[in-house]
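Chain letters run A, B, ... following the sequence lines, proteins first, then strands; residues in each count from 1.
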There are 2 protein chains.
Amino acid sequence: MAVGSASDKTGRLEVRPEEHAALVDGRPLSLTVRELQLLVTLWSNPQRILTREELHTSVWGTPPRRDDRSVDVYVSRLRAKLGAALPDQKLIYTHNGIGYRFSPDG
Amino acid sequence: MAVGSASDKTGRLEVRPEEHAALVDGRPLSLTVRELQLLVTLWSNPQRILTREELHTSVWGTPPRRDDRSVDVYVSRLRAKLGAALPDQKLIYTHNGIGYRFSPDG
DNA sequence: TACCCGTGTTTACAGGTTTTTCACAACTCT
DNA sequence: AGAGTTGTGAAAAACCTGTAAACACGGGTA
């Protein structure tokens, strides 16, 4: 495999940021821009707990306003689409009081 | 290992404050925010006896009210979780009339 | 212009988890 | 034993998360 390829597989999920695409078993998921940005951010930091602040700043470009729930809403939408394509895998874990973590394994 | 790493090992226990995580044998403990804050405070001051005032101020941000037992309650919970993951090690020692001490060794 | 449609944003509320508080048991020290 | 401390389960209160739904907006089309 070419060095520096910026696409990667996580089990049956592939994420290709430069191509603005995420695939499951080779089939593209139909994600909106925000959903994809969020997935890319999570996927780029596997096993790491990302705070809502970090996620919001990465996806929206600015820190969240007080009581902003947009990160949660998009995590929910992303889970729904991932769950539809990969019914048996849990990929996004919640860390109460902190944020979320992407974990291809357990 | 890189100088300045802000993670550290204490036997099989690793504490990584910046990552909001504590691991035993590489597996994350599932601690709540308060539990982790308390562990981080104790772990940051090994062998030192920390008073309830110090612990409360560090974790809750304010000194405890008279008859406040929250530090004790959280020490108990932390011990339970640490004990489940490391059944043979005693890490948190009580100093009667004063407070608690974290000791990776004996 | 008027009507859809898809996306993004915000709100609301149910449900879940954590934190706090309380009560009593267990322990320590004299 | 008696007084003061600490350990801990459980209930109450506070807080946080999941998610549907309402709203806003722009582009496309009739």
Looking at A:Arg65, does any N or O in its side chain come under 4.0 Å of the phosphate oxygens OP1/OP2 on C:dT10?
yes

Whether the side chain of B:Ser76 engages the backbone of B:Asp72 through a donor-acceptor N/O pair (distance < 3.5 Å, no angle test) should be reported.
no

Here the distance between atom P of C:dG8 and atom CG of A:Leu31, to the nearest Å, is 10 Å

Does C:dT19 have OP1 or OP2 under 4.0 Å away from a side-chain N or O of B:Trp60?
no

Any side-chain N or O of B:Tyr74 under 4.0 Å from OP1/OP2 of D:dT6?
no

What does B:Arg79 touch in the nucleic acid at a heavy-atom separation under 4.0 angstrom: a base, only the sugar-phosphate, or nothing?
sugar-phosphate

Determine: side-chain N/O of A:Thr32 to OP1/OP2 of C:dG6, distance under 4.0 Å, yes or no.
no

In whole angstrom, give the distance that lies between atom NZ of A:Lys81 and atom C1' of C:dG8.
12 Å

With B:Tyr74, the side chain to side chain contact (heavy atoms under 4.5 Å, CB included) member among B:Gln37, B:His56, B:Arg79, B:Arg34:
B:Arg34

ILVMFWY network linking A:Ile49 to B:Leu38, side-chain heavy atoms under 4.5 angstrom
no

Do A:Val75 and A:Val24 sit in one hydrophobic cluster, given that two such residues count as connected whenever their side-chain heavy atoms are within less than 4.5 Å of each other, even indirectly?
yes

Presence of donor-acceptor pair under 3.5 Å, side chain of A:Arg77 and base of C:dT9
yes

As a test of reading the structure: which of C:dT9, D:dT17, C:dT19 is closest to the side chain of A:Asn96, going by heavy atoms?
D:dT17

Please report the distance, rounded to the nearest Å, between CG in B:Leu38 and C1' in C:dT20.
15 Å

Of all heavy-atom pairs between B:Lys81 and B:Ser30, which one has the smallest distance, and what is that distance?
NZ-O, 2.9 Å

Between P of D:dT5 and CD of B:Glu53, the distance in whole Å:
12 Å

Report the nucleotide, chosen from C:dT10, C:dT19, D:dG18, that has the shortest atom-to-atom distance to any side-chain atom of B:Val33.
C:dT19

Rounded to whole Å, the NE2-C1' distance (A:His56 to C:dG8) equals 12 Å

Quick note, A:Arg69 side chain, CB onward, closest among D:dG18, D:dT6, C:dT9 is D:dG18

Within the 4.0 Å heavy-atom criterion, would you say B:Val73 contacts the bases, only the backbone, or no part of the nucleic acid?
base

When rounded to whole Å, the CG to C1' distance for the pair B:Leu78 and D:dG7 reads 14 Å

Can you tell me how far C1' of D:dT6 sits from NE2 of B:His95, to the nearest Å?
14 Å

Report which part of the nucleic acid B:Asp72 touches: base, sugar-phosphate, or nothing (heavy-atom distance under 4.0 Å, all strands).
base

When the distance from CG of A:Asp67 to C1' of C:dA12 is rounded to whole Å, what number comes out?
13 Å

